[in-house]
Protein chains: 2
Amino acid sequence: MPKMINHDQKRKLIAEAAWKIIENEGIEKASIRRVAAEAGMSPGALRHYFSTKDEMLLFIIEYFIEEGKKRSDHKEWSKNPLQAVEEVLLELVPIDEEKKIETSVWWIFAFRSLTSDALKEKKDEMTDGTYDLANSMIKILTLKGILSDSVNADLESSRLSALVEGLSFHALLRPDVYPPEKVKEVISYHLKTLYNK
Amino acid sequence: MPKMINHDQKRKLIAEAAWKIIENEGIEKASIRRVAAEAGMSPGALRHYFSTKDEMLLFIIEYFIEEGKKRSDHKEWSKNPLQAVEEVLLELVPIDEEKKIETSVWWIFAFRSLTSDALKEKKDEMTDGTYDLANSMIKILTLKGILSDSVNADLESSRLSALVEGLSFHALLRPDVYPPEKVKEVISYHLKTLYNK
DNA sequence: AAAGATAATAACACACTGTATTAAAAAAAG
DNA sequence: CTTTTTTTAATACAGTGTGTTATTATCTTT
């Protein structure tokens with residue numbers, strides 16, 4: 001029988017190599033050949049672990065979502081629900097270099113998903129995820145009595161998730177006009193308008 | 001002297017050819033060679049009118065923004081200011097096939113602008129444009145007494161433009177979850193929450 | 001009308017990209 | 001040691017954007 005190799009571990013190694021390139025040279029430089037070189041293997045070898053680039057992108061996204069989750073699990077949230085909600089939402093916005101990269105990867109991923117069936121499923125999963133998160137926030141605010149329970153939770157959630165997504169978009173495109181403080185201000189403002197409505 | 005040819009007219013011809021391809025086969029198919037073939041010329045000939053692809057993209061964007069402006073100039077807006085504002089905002093969201101294409105072109109354009117200096121200026125111009133439009137809408141609502149003049153117009157405009165951008169994003173990515181009616185509903189809902197605040 | 005200038009074009013070459021195929025190498029089990 | 005299967009390497013292919021070169025075509029000037 002052949003050499004026993006932990007496939008998933010090797011895939012993670014490749015994902016880290018790819019991430020490194022994306023971080024330093026931008027996502028458009030993360031070609032299969034380039035990633036393979038960074039991971040210390042031949043393109044053919046990489047192809048053995050990811051038979052297509054979309055597959056690789058998919059794994060990278062999944063891997064670093066996992067990492068992000070671990071990060072936020074170790075985080076301590078404010079006791080104040082309004083503030084805690086704000087903190088959670090800020091996790092979705094590119095207010096630091098790491099989140100900027102994540103956002104731009106998510107962006108190119110989303111765009112590719114429009115024409116790649118392999119990515120569609122994950123795209124749906126992820127867009128559902130942001131909605132669900134927004135929905136959770138709305139529910140928390142309702143439970144805490146900050147938001148009246150007469151409001152349409154679905155509409156509020158759609159509005160909130162769109163707002164956050166749009167802010168991400170603007171913050172990434174116009175970091176000069178939308179610095180972290182500004183983004184925080186808008187989110188904070190939005191949450192305040194929900195107060196006792 | 002050489003043959004006198006209307007450069008701009010030829011560029012428009014190329015832009016139309018490119019648009020046709022984008023419309024039917026997606027923007028990723030709109031390569032220089034492909035566009036040249038569609039426009040009935042050689043790649044080298046096209047290069048004579050656009051020395052780089054970014055230049056071509058730039059022109060396409062500008063050309064079809066102009067077309068969009070002409071379209072909306074001929075449009076009749078509601079007398080009711082709240083409804084008129086809603087109608088204007090809906091012009092920015094991919095609720096029909098034409099706007100879907102425009103949005104996805106804008107999307108890829110914005111992404112490219114992150115790594116292409118040639119596109120940066122236009123990107124800024126366009127993002128400013130969406131903010132300015134949102135700002136105009138807020139001002140109108142304030143003038144009409146629908147929105148209290150004590151609100152922070154800048155924050156309100158930022159929020160509105162982010163909301164619209166985010167809705168565009170979601171509508172393009174998840175047309176099943178965000179059909180036109182849903183998008184309209186969210187925008188309409190948002191405008192209602194502004195009422196007399 | 002002939003000559004000259006230059007815009008317009010075509011035909012390449014170059015270094016990339018993702019994908020696919022093929023043959024060689026390596027490693028574990030019998 | 002032989003066999004079996006995985007892993008690797010080396011290519012090939014069609015496509016991309018970009019750049020260079022030489023040719024063609026056309027209008028103005030002499």
Side-chain angles (χ1 to χ4, degrees), chain A residues 1-15 17-18 21-22 24-61 105 108-109 111-120, chain B residues 1-15 17-18 21-22 24-61 105 108-109 111-120:
Chain A
M1 283 287 263
K3 186 181 176 184
M4 292 301 287
I5 284 203
N6 187 334
H7 262 230
D8 216 56
Q9 194 173 322
K10 209 126 195 181
R11 285 156 78 100
K12 282 179 184 173
L13 190 149
I14 294 170
I21 296 173
I22 294 171
N24 297 324
E25 308 168 42
I27 193 169
E28 72 281 356
K29 295 284 178 186
S31 68
I32 287 181
R33 286 168 178 84
R34 184 75 188 74
V35 171
E38 185 73 36
M41 57 177 75
S42 73
L46 190 147
R47 188 172 163 64
H48 199 260
Y49 296 101
F50 298 110
S51 59
T52 166
K53 186 167 187 181
D54 282 351
E55 248 180 56
M56 188 177 84
L57 255 178
L58 209 55
F59 186 84
I60 292 176
I61 287 266
V105 171
I108 192 79
F109 179 88
F111 191 80
R112 280 180 79 112
S113 76
L114 290 180
T115 51
S116 160
D117 287 335
L119 304 184
K120 276 205 169 65
Chain B
M1 284 288 265
K3 188 181 176 184
M4 292 303 286
I5 284 205
N6 188 332
H7 262 231
D8 216 56
Q9 193 174 322
K10 209 126 195 181
R11 285 156 77 100
K12 283 179 184 174
L13 189 149
I14 295 170
I21 296 173
I22 293 171
N24 297 324
E25 307 168 44
I27 192 170
E28 72 282 356
K29 295 285 178 185
S31 68
I32 287 181
R33 287 168 178 81
R34 184 75 187 72
V35 171
E38 185 73 35
M41 56 178 73
S42 72
L46 190 147
R47 188 173 164 65
H48 198 259
Y49 297 101
F50 298 112
S51 59
T52 164
K53 186 167 186 181
D54 282 351
E55 249 180 56
M56 187 177 84
L57 255 178
L58 209 56
F59 185 85
I60 293 176
I61 287 264
V105 171
I108 192 77
F109 179 88
F111 191 80
R112 278 179 81 112
S113 76
L114 290 179
T115 52
S116 160
D117 287 335
L119 305 184
K120 277 204 169 65

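Please read all numbers here as calculations on a predicted model, not as lab measurements. Every chain is numbered from 1 and lettered A, B, ... according to where its sequence line falls, protein lines coming before strand lines. All heavy atoms count here, side chains included; hydrogens, waters and symmetry mates do not.
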Q: For ring-ring contact (aromatic ring centres under 6.0 Å, His included), just list the numbers for F111(B) and F111(A), CA-CA rounded to whole Å, side-chain angles, deciding distance to a tenth of an Å, and then say yes or no.
A: CA-CA 10 Å; F111(B) 191 80; F111(A) 191 80; 8.2 Å; no

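- Nearest nucleotide to the side chain of R47(B), out of dG19(D), dT9(C), dT8(D): dG19(D).
- Checking dT18(D), dG18(C), dA20(C) against the side-chain heavy atoms of R33(B) singles out dT18(D) as nearest.
- Per the geometry, CD1 belonging to I32(B) stands 15 Å off P belonging to dA10(C), to the nearest Å.
- Atom CZ of F50(B) is separated from atom C1' of dG19(D) by 18 Å (rounded to the nearest Å).
- Regarding L57(A), its CG atom lies at a distance of 15 Å from the P atom of dT17(C), rounded to whole Å.
- In this structure the side chain of M41(A) never reaches within 4.5 angstrom of the side chain of H48(A), judged on heavy atoms.
- In this structure, CG of L46(A) is placed 19 Å from P of dT11(D), rounded to the nearest angstrom.
- K29(A) is not listed as a side-chain neighbour of E38(A), based on a closest heavy-atom distance of 4.5 Å or more.
- Here dT7(D) presents its P atom at 12 Å from CZ of R11(A), a figure rounded to the nearest Å.
- Listed pair T52(A) / dT19(C) meets the phosphate criterion, a side-chain N or O lying under 4.0 Å from OP1 or OP2.
- In this structure, OG1 in T52(A) is found 6.5 Å from CD1 in I32(A), a value given to the nearest 0.5 Å.
- A close approach under 4.0 Å does occur between a side-chain nitrogen or oxygen of H48(A) and OP1 or OP2 of dT7(D).
- Contact between the side-chain N/O atoms of K10(A) and the OP1/OP2 oxygens of dT6(D) is not found at any separation under 4.0 Å.
- If you measure from atom CD of E28(B) to atom P of dG17(D), you get 12 Å, rounded to the nearest angstrom.
- If you take CE of M41(B) and P of dA7(C), they are 17 Å apart, rounded to a whole angstrom.
- Side-chain atoms of K53(A) lie closest to dT17(C) of the nucleotides dT16(D), dT17(C), dA8(C).
- Summarising the geometry, atom OG1 belonging to T115(A) is positioned 8.0 Å from atom CG belonging to D54(A); distances are rounded to the nearest 0.5 Å.
- Looking at heavy-atom distances under 4.0 Å, S31(A) makes contact with sugar-phosphate atoms alone, never a base.
- Residue Y49(B) contributes atom OH, which lies 4 Å from atom P of dT9(C) at whole-angstrom precision.
- Comparing R34(A) and S51(A) by the nucleotide of DNA chain C that holds the closest heavy atom to each, the one mapping nearer the 5' end is R34(A).
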